[in-house]
**Student:** 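My questions will all concern the structure given below.
Numbering of ligands and ligand atoms starts at 1, following listing order. Numbers here simply count residues along the sequence, with the first being 1.
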Amino acid sequence: MAEPSSAALDALRAQIDEVDQEMLALLQRRLKLVGEVGTIKHREGVPIYAPKREASMLAKRRAEAEAMGVPPQLIEDLLRRIMRESYVSEKDVGFKRVHDTLGPIVIVGGGGKLGGLFAQLFTLSGYEVRVLEQNDWDRADALLADAGMVVISVPIDKTCEVIERLPPLPEECLLVDLTSIKQAPLAAMLKAHPGPVLGLHPMFGPDVSSLAKQVVVVCHGRGEEHYQWLLKQIAIWGARLHEAPASEHDQAMQLVQAMRHFTAFVYGLHLKREHADIEQLLQFSSPIYRLELAMVGRLFAQSPSLYADIIFAQPDALARARHYLDRYQEALALLEAGDKVGFEALFDDVAQWFGDFAQQFRVESANMLMAANDSRSG
Ligand SMILES: NC(=O)c1ccc[n+]([C@@H]2O[C@H](COP(=O)([O-])OP(=O)(O)OC[C@H]3O[C@@H](n4cnc5c(N)ncnc54)[C@H](O)[C@@H]3O)[C@@H](O)[C@H]2O)c1
Ligand SMILES: O=C(O)C(=O)C[C@]1(C(=O)O)C=C[C@@H](O)C=C1
């Protein structure tokens, strides 16, 4: 059905079209300026993400918006979205190469998703990148003979055996892994190679458009002075580095990844077994439920082995899952007993434990939900 219209409405809509076209021209001008910034950053090795500049710019624009009677959050939302575009366009210009004399970088598993992303980033930064894939082991000696750095990016359950399979590397060669767990790969690398060793865990998937604002966990291995350049290189790509001992990383990952993926998996399984009709659920869904469904559904668009590996590779994941079941049963018992008062008391107890974070998460999620709702059409 055609949307209602009138002459008065049409006249105003024509003016709105003009304003939008002006915005388009302004965006074009801004993108061009950002392109020039990208060229300078590439030349001078300045990180693409400039948090202080962003914070001061947003604060000024918010104040100006307020003075003009424009909602400050509107300009902040627009600018944040526009800056996301800046990260991508600045990335495409390429990055300064921090280590001028490094030998070739060999990415073991470089034909895969994450290895492929890092191959692209190192290539954009001017390094020679070689890929060592499953069928390349007969020429591994030749590929690795003059390597300046070897990056391991193979499935988690293959990582240690692949590290053990490496021939002796050049003494100065840096050995790095990108595995989602850190203790076992780091120990295997330290054993296999007497030279510099570093454990990294990129806390993002291969579908990110740029590394701006993404986190890379750094677990030190050996010979820190030999890999400062790499940490600087990753910072130039825009990522934030978070240093942590491998054991602390693996503990945190049990909740951040293993348990989260496990509970999302169980929720997906439950929907299937309950014969839920996804089309119908979407018709009834609030923005938050749609977001939740999207978070669960996206798991099943990815490789089962990646998630199985993350969950099964965590030594304590089973104990965590059992604890979770205990808590589910504890809450279920309240439901079975019709104990609403007990439920509310438990709710309060958890709310107090969340403390100020509860309010912070409420504000954060409200913005996310509005953005998710904006992206809907129809
Ligand atoms: N994908 C992610 O979201 C993500 C995020 C963070 C960390 N990681 C880590 O990155 C690593 C790779 O994950 P991915 O998602 O890129 O997996 P992937 O399956 O896409 O890639 C793995 C690659 O390793 C290759 N490979 C397998 N066995 C090999 C062998 N013996 N020798 C050489 N190559 C071999 C495969 O052919 C494939 O190309 C894993 O350790 C994972 O924990 C992945
Ligand atoms: O000013 C910069 O350094 C830019 O790269 C430009 C810009 C922007 O689009 O305004 C983009 C990314 C930075 O994080 C900050 C600002």
Side-chain angles (χ1 to χ4, degrees), residues 27 30-42 44 46-58 60-61 78-91 93 106-119 131-140 143-144 150-166 176-182 184-185 199-208 210-217 236 238 240 249 253 256-258 261 298-299 301-314:
L27 280 175
R30 196 183 196 284
L31 281 170
K32 194 167 169 291
L33 289 168
V34 164
E36 288 169 30
V37 168
T39 310
I40 294 175
K41 285 189 169 180
H42 172 62
E44 296 177 3
V46 178
I48 57 171
Y49 175 44
K52 285 190 185 140
R53 160 75 182 150
E54 286 195 10
S56 86
M57 183 173 72
L58 288 173
K60 281 185 206 148
R61 294 301 90 82
L78 286 173
L79 283 172
R80 285 195 186 280
R81 175 61 190 88
I82 291 168
M83 286 190 291
R84 168 143 60 91
E85 220 54 40
S86 306
Y87 310 143
V88 180
S89 78
E90 289 181 20
K91 168 179 164 252
V93 180
V106 180
I107 306 189
V108 185
K113 290 185 283 294
L114 197 71
L117 174 67
F118 275 77
V131 167
L132 195 163
E133 265 292 330
Q134 300 198 49
N135 300 326
D136 298 328
W137 283 96
D138 52 348
R139 51 193 194 100
L143 283 170
L144 294 162
V150 174
V151 180
I152 310 291
S153 184
V154 298
I156 302 178
D157 63 345
K158 303 258 166 49
T159 301
C160 289
E161 67 184 62
V162 162
I163 292 169
E164 283 156 20
R165 196 174 172 184
L166 289 171
V176 183
D177 83 304
L178 304 178
T179 324
S180 304
I181 55 162
K182 293 273 51 91
L200 295 176
H201 181 193
M203 297 300 304
F204 45 83
D207 50 359
V208 292
S210 95
L211 259 53
K213 301 187 189 178
Q214 303 291 351
V215 175
V216 176
V217 176
I236 287 178
R240 181 167 68 79
H249 165 276
M253 279 313 117
V256 175
Q257 291 204 322
H261 298 323
R298 83 189 296 279
L299 188 82
Q302 297 169 75
S303 138
S305 60
L306 175 66
Y307 290 104
D309 276 357
I310 290 174
I311 296 166
F312 284 71
Q314 283 284 7

**Student:** Name the one of I181, D309, L178, V154 that satisfies side chain to side chain contact (heavy atoms under 4.5 Å, CB included) with T159?
**Tutor:**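 By the side chain to side chain contact (heavy atoms under 4.5 Å, CB included) criterion, T159 pairs with just one of I181, D309, L178, V154: V154.
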
**Student:** Write down the atom of K182, the atom of L200, and the distance for their closest heavy-atom approach.
**Tutor:**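 Reported closest heavy-atom pair: NZ-O, 2.9 Å.
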
**Student:** I need the contact residues for ligand 2: any residue with a non-hydrogen atom closer than 4.0 Å to the ligand, ordered by chain then number.
**Tutor:**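 For ligand 2, the contacting residues are R30, V34, V37, K41, I48, Y49, A50, R53, E54, M57, M83, S86, Y87, E90.
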
**Student:** So, using side chain to side chain donor-acceptor pair (under 3.5 Å) as the criterion, who are the partners of T179 when residues are at least two apart?
**Tutor:**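 D177.
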
**Student:** Is there a donor-acceptor pair under 3.5 Å between the side chain of Q302 and the backbone N or O of R298?
**Tutor:**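 Yes: the side chain of Q302 pairs with the backbone of R298.
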
**Student:** Compare every heavy atom of G111 with every heavy atom of E133, then report the nearest pair and how far apart it is.
**Tutor:**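 In this case the closest contact between E133 and G111 is OE2-N, 2.9 Å.
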
**Student:** Who are the side chain to side chain donor-acceptor pair (under 3.5 Å) partners of E54, not counting sequence neighbours?
**Tutor:**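 With neighbours one apart ignored, the set is Y87.
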
**Student:** Which pair of heavy atoms, one from I48 and one from K41, lies closest together, and at what distance?
**Tutor:**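 Reported closest heavy-atom pair: O-NZ, 3.1 Å.
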
**Student:** For residues G115 and S153, report the shortest heavy-atom separation together with the two atoms involved.
**Tutor:**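 Looking at all heavy atoms of both residues, the shortest contact is N-OG, 3.3 Å.
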
**Student:** I'd like the residue list for ligand 1, meaning every protein residue with a non-hydrogen atom under 4.0 Å from the ligand.
**Tutor:**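 The 4.0 Å shell around ligand 1 contains V108, G109, G111, G112, K113, L114, L132, E133, Q134, W137, S153, V154, P155, I156, V162, L178, T179, S180, H201, P202, F204, G205, P206, L306.
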
**Student:** Which heavy-atom pair separates L143 from V106 by the least distance, and what is that distance?
**Tutor:**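 Residues L143 and V106, closest heavy atoms: O-CG2, 3.4 Å.
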
